[in-house]
Every structure is written in C-alpha cells, then in structure tokens.
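This report concerns only the one structure given below.
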Amino acid sequence: MNMTIQGARVVDVRSSLPRHKTLKYGRRKLTDIRSAAVHHSATLSGSPEAFARYHVNTNGWPGIAYHYVIQKDGVIYWCNDPEAISYHVGNSNRHALGICLVGDFRTQKPTPEQLDAANRLIQHLQVQIPSMKQVFGHQEYPGYAWKNCPAFPMGTFRTNYSQFLQKAVSKVDKPKQVPVAISLNGSLLSVTGFLQDGVSMLPVRAVANAAGGKVEWIEQTKDVRVNGKDLNEKLISGSAYAPARELAAALCLQIEWDQATKTVRMMKGSVSK
Ligand SMILES: [Zn+2]
C-alpha cells in the first residue's frame, strides 16, 4: 500500500518492532475494514517499540495492537499491515483499523501536530481503503462505553476532520478532473460529473432527483444512500459524487459511456434485478 502522505512523515517500523516468536495476527482483506478506531496510549509518553514490547511480552499478543502510532511531534509510525487483525477493540477487531496517539489525554491534550497527522492519515487511508467509511473513538465501539479512550471529544474531532477532508479532497482532486456530461433518457442534464482514474463520478443528488430516486444523507456517518443503497461516494465541497455505474444501478437505469463526447448516458430500460 502506498503510504506517502503529503504534509506528514510516515516511518515504516513493521519489520523492526518486537513480535511474538510463534503467534501471528490473523489476516483479512482490505475490503473488510469498515472503520478507523482512534486510541490514546494512556501513557504520558511512549514509542511503538515500547508498546510492542508490552503487548508481546506482558499481554502475550502476536505483536503491537495498533496499525499506526502517532507521536506527539506528528510523525506517523506504520506498525502493522492494515490486513492484520490486531487486538485493539475486542469484538470489532475484524473490521477496525487501530490508530493510537501517544499521550494520556485524561490529563494531557493531543498536540496540534498529532491531530493534523491523524487527519491526514485517515484521509489517506480512506482513499486507499474505500470501505473504511467511519471514524470512531475506542469508547464508541460496542462494549467499550466504560473505557475512557481516546479521552478527547470524538464529535469535535470528526467535525474538524470532515472539514479538513473536504478541503483536502477538493484541493487534491480538482486539478485532475475531466468533466463528464450526463444525459438522462435522451436529454442532457445541466450538471456535470468528472472522470477520475477512469471512473465517471456523478453528482448524486442532482442525478437522483432528475431520475426520481430517493436520496438519504446520514449526517452522523457522512454517508449517502440512494434508494436505500450505500454508495462509494466522495465528498467534494459538500457535494457527494458517486461512480456512475453504482448510481445507475441504485436508480435502476441502464448506462452507456460515450468516449467521443465524454458523456454518460443513462436511460430507463429492461433492467435485470
Ligand atoms: Zn483504546
């Protein structure tokens, strides 16, 4: 996985951290990952090496609990493959990726560098792992309400994060965008989509409204659904864009791509269910 993150320093310590002699973490597919779990280390200071030693020697675990550790200076340490099902949120381990900020936030505050690095890391990972749509504090996972981790307000973190994300996404994506015209049942819509990495991304709300589909916006998770179907959408300046094929399927429309005019044509027709 590409871990070059603009504005952040990533140090790959996966092969140098202490590991259990025989035990190994189970593996999963990247598409099994649904959320990023944010932790604090609950220690005033620390390092990936120190955490790994504790998790292996004291807890008897296969390796360090976290996939990423973020030091107070904002340096991100890459500790486990995202595919490793490491131990950090109990029953939710299979679908969660663990990110630990060094510090005890019951008495300390995360540094601005740490929060910035966490934002950049999560944004980067959501591009690499599109199934990872949510960000939760450890405490927000089922069965962990009692645990004061990460001991800073996740609501505020998510609000700041989504603002950061929108800025970052629109900054990164706009220069690469090739506009795409959209035709519905033979007439061109006034809105356009864009081509990204060979995929046509269409404005969800405008297209769904024109086609008479039902759009739901789930504020808490920043999720968009069309006719009840979850889409791999991307938020750009507050508007959701989804891959044309997914959107057409949710709207029960047939779809064609006209390369010459860069037009997505969608029409009602015999659609297999
Ligand atoms: Zn935790």
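Whatever order the structure lists ligands and atoms in, that order sets their numbers, starting from 1.
Under a 4.0 Å N-O distance rule, the pair D116/R120 qualifies as a salt bridge.
Residue contact annotation: H40 places no N/O/S atom under 2.8 Å from the Zn ion (ligand 1). At a cut-off of 2.8 Å, C100 is not counted among the residues with an N, O or S atom near the Zn ion (ligand 1). Taking backbone and side chain together, H88 holds no N, O or S atom under 2.8 Å from the Zn ion (ligand 1).
Residues S183 and L189 fail the side-chain proximity criterion, which asks for heavy atoms closer than 4.5 Å.
Take the N/O/S atoms of H138: the one nearest the Zn ion (ligand 1) is ND1.
Although no hydrogens or angles enter the test, the distance criterion places no donor-acceptor pair under 3.5 Å between the side chain of H55 and the main chain of W61.
A continuous path of hydrophobic side-chain contacts links Y66 to V11 [ILVMFWY only; heavy atoms under 4.5 Å].
Around the Zn ion (ligand 1), the angle linking C149 (SG) with H39 (ND1) is 110°, rounded to 10 degrees.
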Between R158 and E140, does a salt bridge (Lys or Arg N to Asp or Glu O under 4.0 Å) hold up when you go through it step by step?
CA-CA 13 Å; R158 274 189 291 264; E140 295 175 298; 2.7 Å; yes

